[in-house]
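This report concerns only the one structure given below.
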Amino acid sequence: MSLDIARIRHDFPVLQREVRPGVPLVYLDSTATSQKPLAVIQAMDNFYRLSNANIHRGVHTLAEEATALYEEARQKVARFINAPAARQILFTRNTTESINLVAYAWARASLKSGDLVILTEMEHHSNLVPWHMLAAERGIRLEFIPVTEEGLLDLEVYRALLSQDPKLVAFTHMSNVLGTVTPAEEIIRLAHEAGALTLVDGAQSVPHLPIDVRALDVDFLAFSAHKMLGPTGIGVLYGKEKLLESMHPFLGGGDMIKEVKLRSFRPNDLPHKFEAGTPAIAEAVGLGAAVDYLTEAGMSAVRAHEQEIIAYALERLEEIPGLHVLGPSADKKGGVAAFTLDGVHPHDVAQILDMSGIAVRAGHHCAQPLHEKFGIPASTRASFYIYNTLEEVDKLVNGIYKVKEIFG
Ligand code: C6P
């Protein structure tokens, strides 16, 4: 079933706006954050209009409604990624916090000096810095699966690293720069054979690919609502139940306890053990609505649409003289086209495109080591989602020709 893009675009109020009079928005920055459909905006609006209350605390009607809506969102997320149980879905602030939760609550208790954590060269800073911090604090060892010229992971080197008794393999499922979809199932299977746990950074994969945590057999999966049509301020950590049960809490405070004495406490059951303080309640409701929206569209159809767009985008971009796209061919990636243009700084490209209403991102996209690997300080990145069209790719290409004209 293919997507009805005209109908989908109609659902996103921001896509109806003009950036300047007569200049419609061409939003090609969904890898940074996606736009939100009316269904998400209205679900949050309704929550604040009708059901706003704190959760898990009151017995009054609004508190019960708010709690039910919050927990229903958890159920929806669990179904979306085929988690065995909703209590394995922990609400955090974002992918970054989810990864830090693993670094603090699991790794600090489980890893000692000299223990090996395997990462990759294509990681976002969110899946590098928490491990740098642990390396400095605990003396854990970090090794990296190299990225090939083509923008793929070098699995030969990975296999060799696995002989060094790693404790954790933490890697992105889709690069936010190269767009590369990594062979997560194989990486996880090999890690498990070597006795290591796995953490998948799903910030870019969960919004764009069908995800089944049971098929992947992943131990931890981190992702953010704001990249999958939901609001900012809420993210998810999925974990295997035994692991989550065995871990100490991350943050201490209200809601994450069963009982508190002056000098001690007993932690709450899952998932509340990891949700200290008043959570992002309206945001959870918004995430639930986003999951409904994506489920209705069908994640296979979302993936197919993006494959069509990226194949066309690469074909058109690669015909521009002096333009170099980073990463592999369309069949090996998601809807991300980061590129450099000879003689023009990526920020200038982005700024001139903005004059035509085209929103792209320029910089290192929080993946500095990856850019260093390719010998460039920065790139311009166009990224695509459920609401983008082939005509928008044409507008991007025309915009880049305009950039070339200006820079001679
Ligand atoms: N990448 C981008 O423009 P947060 O900020 O916690 O929601 O997500 C962090 C993150 C982690 N991993 C990957 C692969 C990501 O792409 C991101 C966010 C955005 O590429 C913002 S830097």
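Every number for a ligand or one of its atoms is a count from 1 in the order of the listing.
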Exercise. So, His365 versus Ser379: side-chain donor-acceptor pair below 3.5 Å or not?
Worked result: yes
Problem set entry | Trace of the salt bridge (Lys or Arg N to Asp or Glu O under 4.0 Å) decision for Asp217 with Arg189 | CA-CA 8 Å; Asp217 197 25; Arg189 181 176 50 77; over 6 Å; no
Exercise. Is the distance between the ring centroids of Phe91 and Tyr70 less than 6.0 Å?
Worked result: yes
Exercise. Under 3.5 Å, is there a donor-acceptor pair linking the side chains of His305 and Asn388?
Worked result: no
For this session: Verify side chain to side chain contact (heavy atoms under 4.5 Å, CB included) between Val397 and Tyr312, making sure each step is shown before the conclusion.
Result: CA-CA 11 Å; Val397 170; Tyr312 181 64; over 6 Å; no
Exercise. Any donor-acceptor pair under 3.5 Å linking the side chain of Thr33 with the backbone of His226?
Worked result: yes
Could you pull out the N/O contacts under 3.5 angstrom between ligand 1 and the surrounding protein atoms?
residue	atom	partner	partner atom	Å
ligand 1	1 (N)	His124	NE2	3.4
ligand 1	1 (N)	Lys227	NZ	3.0
ligand 1	3 (O)	Arg361	NH1	2.4
ligand 1	3 (O)	Arg381	NH1	3.4
ligand 1	3 (O)	Arg381	NH2	2.7
ligand 1	6 (O)	Thr95	N	3.4
ligand 1	6 (O)	Thr96	N	2.9
ligand 1	6 (O)	Thr96	OG1	2.5
ligand 1	7 (O)	Ser224	OG	2.7
ligand 1	7 (O)	His226	NE2	2.8
ligand 1	12 (N)	Asp201	OD1	3.2
ligand 1	12 (N)	Asp201	OD2	2.5
ligand 1	16 (O)	Gln204	NE2	2.7
ligand 1	20 (O)	Asn176	ND2	2.7
ligand 1	20 (O)	Arg381	NH1	2.8

